[in-house]
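Written below as structure tokens is the structure these notes are about.
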Amino acid sequence: MHQDLDTKLCTAYPKLFVNRNAPMQETCMCWGFSHGDGWYNIISQLCANIQGHIDWTERKREAIVKYNAIAEQCKAGNFELFEEDMQSMTNLEYKEKRKQEIINNDLRVVVDACPQVTVDQVKEKFGTLRFYYSGGDDYVSGLVSMAESMSAVTCEECGNPGKQVGGGWITTLCKEHAEARGIYANDEKDIE
């Protein structure tokens, strides 16, 4: 991938690409993104979804921890945190109703934090994207699987719809880029 797109990704997602310039003894990201420009949008959207999920999970977790602290105090008859949290609320009826809900309801289950993802390597292998990383959760794993599968139908060079082509070295290309490389499909329906 061209350097300008590499820089754009690393600047937009510094937490994910924290190891981008680390030595090769620590990460394969020292070699950058080893694929064509056509997969940039797939990778950019994948990174946005991963970091968005991690940040949202942490905000949700913090909100639940805060709610539980308020609830524990209210259940014990101390309304200091509740009053602090509701200080801008002018509707006293709503405020009282909310206080009673907190006292009567159970504490909320604290969700697990999603460990920050750090990318170890991004490359092309057997005609599809490979996105190797550390951290994350099952949701992140699903996002990565989806992005990798999208690369199998996206031209690695331009991002247009493509198909996997080639005999020995498999790559995913649109008809135009396959022909430019001298790769011709056996059947005209193979590449559109």
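We count residues from 1, following the sequence as given.
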Is there side-chain contact between T172 and H177, with at least one heavy-atom pair below 4.5 Å?
no
Within a strict 4.5 Å, meaning less than it, do heavy atoms of the Y132 and V119 side chains meet?
no
Any side-chain heavy atom of H53 within less than 4.5 Å of one from C114?
yes
In this structure, CE of M1 is separated from CH2 of W39 (nearest 0.5 Å) by 11.5 Å
Work out which heavy atom in G135 is nearest to a heavy atom in V117; give both atom names and the distance.
C-CG2, 4.1 Å
Please answer: with hydrophobic residues joined when any side-chain heavy atoms are less than 4.5 Å apart, are Y67 and I64 in the same cluster?
no
Treating D37 as the side-chain partner and H2 as the backbone partner, does any N or O pair qualify as donor plus acceptor under 3.5 Å?
yes
Please determine whether the number of non-hydrogen atoms from other residues, nucleotides or ligands lying under 6.0 Å from atom CG of D138 exceeds 12.
no
Answer yes or no: is there a donor N or O on one side and an acceptor on the other, between the side chain of N105 and the main chain of E101, under 3.5 Å?
yes
V153 vs K163 side-chain heavy atoms within contact, under 4.5 Å:
no
State plainly whether one hydrophobic cluster holds both V65 and W56, where clusters connect Ile, Leu, Val, Met, Phe, Trp and Tyr through side-chain heavy atoms under 4.5 angstrom apart.
no
Is it the case that one hydrophobic cluster holds both I54 and Y139, taking links as side-chain heavy atoms less than 4.5 Å apart, direct or via other members?
yes
If the threshold is 4.0 Å, N to carboxylate O, is there a salt bridge linking E96 and K99?
yes
Under a 4.5 Å cut-off applied to non-hydrogen side-chain atoms, are Q164 and F126 in contact?
no
In sequence, state the C-alpha distance, the side-chain angles, and the governing distance for E156 and E124, and then conclude on side chain to side chain contact (heavy atoms under 4.5 Å, CB included).
CA-CA 9 Å; E156 184 181 352; E124 176 276 330; 3.5 Å; yes
Look at the aromatic rings of F82 and F79 and report parallel, tilted or perpendicular, splitting at 30° and 60°.
perpendicular
Hey, what do you get for NZ (K175) to SG (C155), rounding to the nearest 0.5 Å?
14.0 Å
Side chain to side chain contact (heavy atoms under 4.5 Å, CB included) test vs R98 passes for just one of M86, M89, E93, namely M86
Looking at CD1 of I103 and CD1 of I70, how far apart are the two atoms once the value is rounded to the nearest 0.5 Å?
12.0 Å
Do M146 and L46 belong together in a cluster built from hydrophobic side chains that touch within less than 4.5 Å?
yes
Compare every heavy atom of T27 with every heavy atom of A22, then report the nearest pair and how far apart it is.
CB-CG2, 3.5 Å
Quick one: does N68's side chain have a donor or acceptor within less than 3.5 Å of a partner on R108's backbone?
yes
State whether the side chain of T154 and the backbone N or O of M150 hold a donor-acceptor pair below 3.5 Å, judged by distance alone.
yes
Charged N to carboxylate O under 4.0 angstrom, K66 versus D85?
yes
So do I42 and L129 actually touch side chain to side chain, heavy atoms under 4.5 Å?
yes
Test item: S151 side-chain N/O and E148 main-chain N/O as donor-acceptor pair under 3.5 Å
yes
Can you label the angle between the H35 ring and the F33 ring as parallel, tilted or perpendicular, going by 30° and 60°?
perpendicular
Would you call D120 and M29 a side-chain contact if the rule is heavy atoms closer than 4.5 Å?
no
Under the side-chain hydrogen bond (donor to acceptor under 3.5 Å, both in side chains) rule, what do T7 and Q3 come out as? Steps first, then yes or no, please.
CA-CA 6 Å; T7 301; Q3 184 60 44; 3.1 Å; yes
Straight-line distance of N19 CG to C10 SG, nearest 0.5 Å
10.5 Å
salt_bridge(E72, K75) N-O dist < 4.0 Å:
no
Are Y133 and V18 grouped together when hydrophobic residues (ILVMFWY) are joined by side-chain heavy atoms under 4.5 angstrom apart?
no
Is the shortest side-chain heavy-atom distance between L9 and S44 below 4.5 Å?
yes
Output, in order, the C-alpha distance, side-chain angles, deciding distance and verdict of side-chain hydrogen bond (donor to acceptor under 3.5 Å, both in side chains) for T57 and R59.
CA-CA 6 Å; T57 303; R59 284 191 308 272; over 6 Å; no
State, to 0.1 Å, how close G166 and I170 come at their nearest heavy-atom pair, and which atoms those are.
O-CG1, 4.2 Å
Apply the test side-chain hydrogen bond (donor to acceptor under 3.5 Å, both in side chains) to residues D55 and Q51: give CA-CA distance (whole Å), side-chain angles for both, the deciding distance (0.1 Å), then the verdict.
CA-CA 6 Å; D55 294 345; Q51 194 60 56; 2.9 Å; yes
